[in-house]
Amino acid sequence: MNISSMTGFGRASGHCEIGDVAFDWAFEAKSVNAKNFDFKMRAPQMLENMGGELKTIAQKYFERGTISVSLDVKTEQNADNVKINNELLAKLMETSKEFCKNENLQMPTMGELLNVNGVIEIERRTFDDETLAKLSDELKNGFEKCCAELQADRQREGEKIAGALAVLLQKIKNIVNDIVAKADKMPEQIAEKLKQQIADFLGENTDVGEDRLAQEIVFLVNRADIREETDRLQAHIKTAEQLLQSGQSVGRRLDFLCQELNREANTTCSKAADVEIINCGMELKATIEQFREQVQNME
C-alpha cells in the first residue's frame, strides 16, 4: 500500500442493456480531508437505496477522508411522461382574464401560467425490481472502478506529500543536530560566564571557593540541560522516518508525532540558557508546523 493523500478525484462511466432498456451511467467521486471516514452520495431517486452498499465498497479502498459521490443514469427510453393539466390551465386563464380586466392589468403570459404549481404534471419513468437489481449490480462494479481511479489519484498526490515531508524531516533533523552540538559546549560556556560574573560583581579582592563555584556551575548546567529533550526529539525523528518508509496509512500517527515534536521543542526553548539554542528552537518549531500542515493532507 502506498502513502496516500486525502484529496483526489475519480470517474468511471459505462453502458449496459437490461431487457429492452439501455442505460448509460457515470460516477464521479471527490475526496477531501477529514479526521475520519465520511461518505456522501447524490443519486437518482430510484437508486438512492444503494448508498449503504456503495459506502461499504468505498471503505475497502479508503480509511480517512470525506468521499462525495455523484451518480448520473440515463436511458434511451427514459423520457418522463409530461402532461399539462388542461382543466386547471383553462381555469387559470379564465380567472386571470377577468381579474386583469377588472383591475386594468396586463394578462400573464402562457409561460407564467405554465409555471403555476400543478399545471405541468410529470410522470416519472419507473422500472421493475428485477431491472433495478440488475442495474444495481452493474453500478456496483462500476463504482469499484471509480474507487480505484480515486485511490490512484490520491496515491499520486501522496507521493508528492511524502517527498515534501522527507525534505522537512531532514531539515528538522539538521536543526536538532545543531542544537545538540551547541548544547555540548554549554557546561564550559556556563562556567566561564559564571566566573566572569563573579569577578565583575565581587572584584579582585574576594575569592570564591572552588567547591562553591563547582556547585553553582553544576546547578546551572543541570537547569539548562536539554539532553533529555534532544534525545526524545531524535527518537521521534527516527520514528517519523520509519513511518514514511513503511508505505502505509500513517497520517494519524504522524499527526501525533508532530504534537510530541512540538512539545519537546517548546521545552527546549524554555530550558535553554543560550540565545543561539533558543533561536534554533524557534526555527525548529516553525519547521515542525510546516511538517504538520503537510501531514494534515495524508490518509
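In this structure, the side chains of Ile67 and Leu150 come closer than 4.5 Å at one or more pairs of heavy atoms. Between Met46 and Leu132 the shortest side-chain heavy-atom distance falls below 4.5 Å.
Scanning both residues, Phe62 and Cys147, for their nearest heavy atoms gives CZ-O, 3.5 Å. Heavy-atom minimum distance, Cys100 versus Pro108: SG-CD, 3.8 Å. Annotation for Leu135 and Cys16: closest pair CD1-SG, 4.1 Å, computed over non-hydrogen atoms. In terms of heavy atoms, Gly142 sits closest to Ala12 at O-CB, 3.6 Å.
Legend: salt bridge (charged side-chain N to carboxylate O under 4.0 Å, His left out) pairs involving residues 30-39, not counting sequence neighbours: none detected. Sorted by first and then second residue, the salt bridge (charged side-chain N to carboxylate O under 4.0 Å, His left out) pairs involving residues 233-242 (not counting sequence neighbours) are Lys173-Glu241. Residue pairs meeting the side chain to side chain donor-acceptor pair (under 3.5 Å) criterion with at least one member in residues 86-99, sequence neighbours excluded, do not occur. Legend: salt bridge (charged side-chain N to carboxylate O under 4.0 Å, His left out) pairs involving residues 106-118, not counting sequence neighbours: none detected.
In this structure, Lys145 does not pair ionically with Glu149, as no charged nitrogen and carboxylate oxygen lie closer than 4.0 Å.
In this structure, the salt bridge (charged side-chain N to carboxylate O under 4.0 Å, His left out) partners of Arg156, at least two apart in sequence or on a different chain, are Asp153. Listed by chain and residue number, Gln234 satisfy the side-chain contact (heavy atoms from CB on, under 4.5 Å) test with Asp231 (two or more places apart in sequence, or in another chain). Residues satisfying the side-chain hydrogen bond (donor to acceptor under 3.5 Å, both in side chains) test with Arg64, not counting sequence neighbours, are none. Partners of Phe27 according to the ring pair (Phe, Tyr, Trp, His ring centres under 6.0 Å) rule, which considers only residues two or more places apart in sequence or in another chain, are Trp25, Phe143. Legend: residues meeting side-chain hydrogen bond (donor to acceptor under 3.5 Å, both in side chains) with Lys101, ordered by chain and number and at least two apart, are absent. Every residue two or more places apart in sequence or in another chain that forms a side-chain hydrogen bond (donor to acceptor under 3.5 Å, both in side chains) with Asn36 is listed here: Arg252. With sequence neighbours left out, the side-chain hydrogen bond (donor to acceptor under 3.5 Å, both in side chains) criterion links Asp255 to Gln296.
The residue from Leu257, Leu168, Leu165, Val250 that alone fulfils the side-chain contact (heavy atoms from CB on, under 4.5 Å) condition with Val295 is Leu165.
Atom NE2 of His236 sits about 11.0 Å away from atom CD of Gln259, to the nearest 0.5 Å. Within the model, atoms CD of Gln245 and CD1 of Ile3 stand 9.5 Å from one another, a figure rounded to the nearest 0.5 Å. Atom CG in Leu284 sits 6.0 Å away from atom CG in Leu233 (nearest 0.5 Å). With rounding to the nearest 0.5 Å, the separation of CD1 in Ile288 from CG in Leu261 is 5.0 Å.
Side-chain N/O atoms of Arg154 and Ser31 include a donor and acceptor closer than 3.5 Å. For Asn174 and Gln170, the side-chain atoms include at least one donor-acceptor pair closer than 3.5 Å. A donor-acceptor contact closer than 3.5 angstrom links the side chains of Lys285 and Asn266.
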Quick one, Thr230 with Asn177, criterion side-chain contact (heavy atoms from CB on, under 4.5 Å). Give me CA distance, side-chain angles, the key distance, then yes/no. CA-CA 8 Å; Thr230 55; Asn177 289 340; over 6 Å; no
Please list, one pair per line, the donor and acceptor atoms closer than 3.5 Å that link side chains of residues 47-55 to other protein atoms, with sequence neighbours excluded.
| from | atom 1 | to | atom 2 | distance (Å) |
| --- | --- | --- | --- | --- |
| Glu53 | OE2 | Lys140 | NZ | 3.1 |

